[in-house]
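Computed from heavy atoms alone, side chains included, the values below leave out hydrogens, waters and symmetry copies. Owing to the predicted nature of the structure, the values given are computational and were not obtained by experimental measurement.
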Amino acid sequence: MEQNHIQSPDKKTNPFAFFSLAVGIFALFACVSPPMQLLLGASALMAAYFSKNGRPMTGPAIAGTIMGICGILSSFVFLAFYIFTIRMFNDPNYVAMHRELMRQYQDMMNAFTIK
């Protein structure tokens, strides 16, 4: 009697792939600091590349690659936003608008204080 035993290939977990995924997630949430986000995104890409070892990328490595690329791109977007904001605050044409925004913010904070 012949028995068919279907054996699945050994699925070894690749620590570089999961490291790439974890660092890619941190890169997306590190938007407070664009330089840190850039470093984390680059680390996610390198870890995904090292996880290959001559084989196709696994799911976590692909997800880490995508998140790393998104982290790098968003770090440039946030850096441009920060530079634009700083230049806007230094421009004398926007001083009146800035003062009005700060006055509205102060009024809103005063409305929420407990007396």
Please report the shortest heavy-atom distance between [X] and [Y], naming the atom on each side.
{"X": "A27", "Y": "G41", "value": "CB-N, 3.7 Å"}
{"X": "L21", "Y": "P60", "value": "CB-O, 3.8 Å"}
{"X": "A30", "Y": "Q37", "value": "O-CB, 3.7 Å"}
{"X": "G68", "Y": "A44", "value": "CA-CB, 4.0 Å"}
{"X": "A47", "Y": "F19", "value": "CB-CD2, 3.6 Å"}
{"X": "A17", "Y": "T58", "value": "CB-OG1, 3.5 Å"}

Handout entry: Enclosure of M57 CE (heavy-atom neighbours >12, cutoff 6.0 Å)
Key =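 Yes, enclosed.
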Report the distance from atom [atom1] of [X] to atom [atom2] of [Y], rounding to the nearest 0.5 Å.
{"X": "T65", "Y": "M46", "atom1": "OG1", "atom2": "CE", "value": "12.0 Å"}
{"X": "S74", "Y": "M67", "atom1": "OG", "atom2": "CE", "value": "12.5 Å"}
{"X": "Q106", "Y": "Q104", "atom1": "CD", "atom2": "CD", "value": "12.0 Å"}
{"X": "I66", "Y": "S20", "atom1": "CD1", "atom2": "OG", "value": "10.0 Å"}
{"X": "D107", "Y": "R103", "atom1": "CG", "atom2": "CZ", "value": "5.0 Å"}
{"X": "I25", "Y": "C70", "atom1": "CD1", "atom2": "SG", "value": "12.5 Å"}

Problem - Same apolar cluster: F84 and Y94, side chain cutoff 4.5 Å - result: yes
Handout entry: In one Ile/Leu/Val/Met/Phe/Trp/Tyr side-chain cluster, 4.5 Å: V95, L101
Key =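 Different clusters: V95 never reaches L101 through Ile, Leu, Val, Met, Phe, Trp or Tyr contacts under 4.5 Å.
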Problem - F76 vs L38, side-chain contact (heavy atoms from CB on, under 4.5 Å): CA-CA, chis, key distance, verdict - result: CA-CA 8 Å; F76 289 121; L38 181 66; 4.1 Å; yes
State, with a plain yes or no, whether a side-chain heavy atom of [X] is found less than 4.5 Å away from one of [Y].
{"X": "H98", "Y": "M88", "value": "no"}
{"X": "L45", "Y": "I72", "value": "yes"}
{"X": "Y82", "Y": "P34", "value": "yes"}

Handout entry: Flag, side chain of T85 to backbone of F81, donor-acceptor distance under 3.5 Å
Key = yes
Problem - Main-chain N/O of F16 paired to N14 side chain as donor or acceptor, under 3.5 Å - result: yes
Problem - Which residues share a side-chain contact (heavy atoms from CB on, under 4.5 Å) with M108, sequence neighbours left out - result: Y105, F112
Problem - Non-neighbouring partners of F26 that pass side-chain contact (heavy atoms from CB on, under 4.5 Å), sequence neighbours left out - result: L40
